Amino acid sequence: MKTLVTGGAGFVGSHLVDHLLRLGDEVVVLDDLSTGSARNLAAAAENPRLEMVHGSILNTQTVRTAMQSCDRVFHLAAAVGVKLIVEQPLRGLRINIHGTENVLTAAIEARASVLMLSTSEVYGKNTADKLREDSDRILGDPLLSRWTYAGAKGIDEAFAKAYCDEEGLDVAIVRLFNTVGPRQTGRYGMVLPNLVGQALRGEPLTVFGDGLQTRCFSAVEDVVPALELIERDPRALGEAYNLGGAREISILELASEIITTLNSPSAVEMVPYAQAYAAGFEDMRRRVPDNTKAHDLVGYEPRTSLSTTIVRVADDLLARERLGSDAMPLARTGAVRGVN
Ligand code: UDP
């Protein structure tokens, strides 16, 4: 099996590449290394079955070349992270809409099947007890840059479905809910690695808004095998699947769990949204997945506890600092006693 992973040097992408190599696939990674990092593929790079293509999904020829003789494609390349999207909406729209269409059309030409990664952001402000794949989307003003990500990903899903129905593309969609784990960086605003880094440095943990907004964090180790199983299941054709965590937790609770787990001397600092992002920023109050559909299809179950993930992320941040790739001075004593 020859498999293309767009965005394969990113956080989720690199874990997927490791998994596919373990399964015996030949893997081609297409990544522009804008938010991903070659370091994420350091172990995989030793494997002769890995080929790295440095380029953008915005370049149609690059996409076609990377996809040559591939049987399947995992499309993860995207502009992600609320902070990045709010700061550079145009870049996000271009990559997430034009780039995705390039990947989908190239897959039709190459007769490759596709698993397209989408996001729980598509549900917007829907605070339902459990979001099912057919739940309504509740989005804010399209002129607010925050909503461009949900808008673009919704268009991507509509493209995927239309190419499936009208042009025979073999495609399935997965909506990830706050996937966390080693290699995720806080640089683009993601809360868990950001707060873990702050806790390790002994800095205040920045909790935005009133901190009562909730999320269901899912571990990358649980999500990645499910991606592969969904991709090769013929029943997934033209369908979307949620993959999220089981435990709903507020950001304030997350901050105290990180402080306790890492035995950190840090305090919590409440930061108004207007200061954290920009005036008029709208956050999602609550985002809870119903994972039943993926459970029924491939047996998906979120198993890894949040405290295990916190320790793994802390270990990873410390290891990266030792290797000198992420310039952040982390505390080596006291704060990290709980980690090793
Ligand atoms: N958040 C926070 N402190 C941070 C970064 C994020 O309180 O340093 C909040 C953010 O406002 C949101 C939640 O944590 O309510 C999750 O943010 P993230 O960007 O990780 O994911 P998303 O908003 O896409 O769920």
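Just so you know, ligand 1 is whichever comes first in the structure, and atom 1 is the first atom listed for that ligand. Since we're looking at a predicted model, the values are computed, not measured.
- Tyr123 contributes atom OH, which lies 10.0 Å from atom CZ of Arg137 (distance to the nearest 0.5 angstrom).
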Show which side-chain atoms of residues 42-55 pair as donor or acceptor with protein atoms under 3.5 Å away, not counting sequence neighbours.
from, atom 1, to, atom 2, distance (Å)
Asn47, OD1, Arg49, N, 2.8
Arg49, NH1, Leu21, O, 3.0
Arg49, NH1, Asp25, O, 2.8
Arg49, NH2, Leu21, O, 3.3
His54, NE2, Asp32, O, 3.3

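- In this structure Ser218 satisfies the side chain to side chain donor-acceptor pair (under 3.5 Å) test with no other residue, sequence neighbours excluded.
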Short N or O separations between ligand 1 and the protein, below 3.5 Å:
from, atom 1, to, atom 2, distance (Å)
ligand 1, 3 (N), Thr206, O, 2.7
ligand 1, 7 (O), Phe208, N, 2.7
ligand 1, 8 (O), Asn194, ND2, 2.9
ligand 1, 8 (O), Thr206, O, 3.4
ligand 1, 8 (O), Thr206, OG1, 3.2
ligand 1, 11 (O), Tyr277, OH, 3.3
ligand 1, 11 (O), Asp283, OD2, 3.4
ligand 1, 15 (O), Gln213, NE2, 3.0
ligand 1, 15 (O), Asp283, OD1, 3.4
ligand 1, 15 (O), Asp283, OD2, 2.5
ligand 1, 20 (O), Val191, N, 2.8
ligand 1, 21 (O), Asn178, ND2, 3.3
ligand 1, 23 (O), Arg215, NH2, 3.4
ligand 1, 25 (O), Asn178, ND2, 2.9
ligand 1, 25 (O), Arg215, NE, 2.6
ligand 1, 25 (O), Arg215, NH2, 3.4
ligand 1, 25 (O), Arg287, NH1, 2.8

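- Asp222 and Thr304 share a donor-acceptor pair across their side chains, judged by distance under 3.5 Å alone.
- The aromatic rings of Tyr273 and Phe281 are tilted relative to each other, their planes meeting at an angle between 30° and 60°.
- Every pair tested for ring pair (Phe, Tyr, Trp, His ring centres under 6.0 Å) that includes a residue from residues 26-46 fails, sequence neighbours excluded, so the list is empty.
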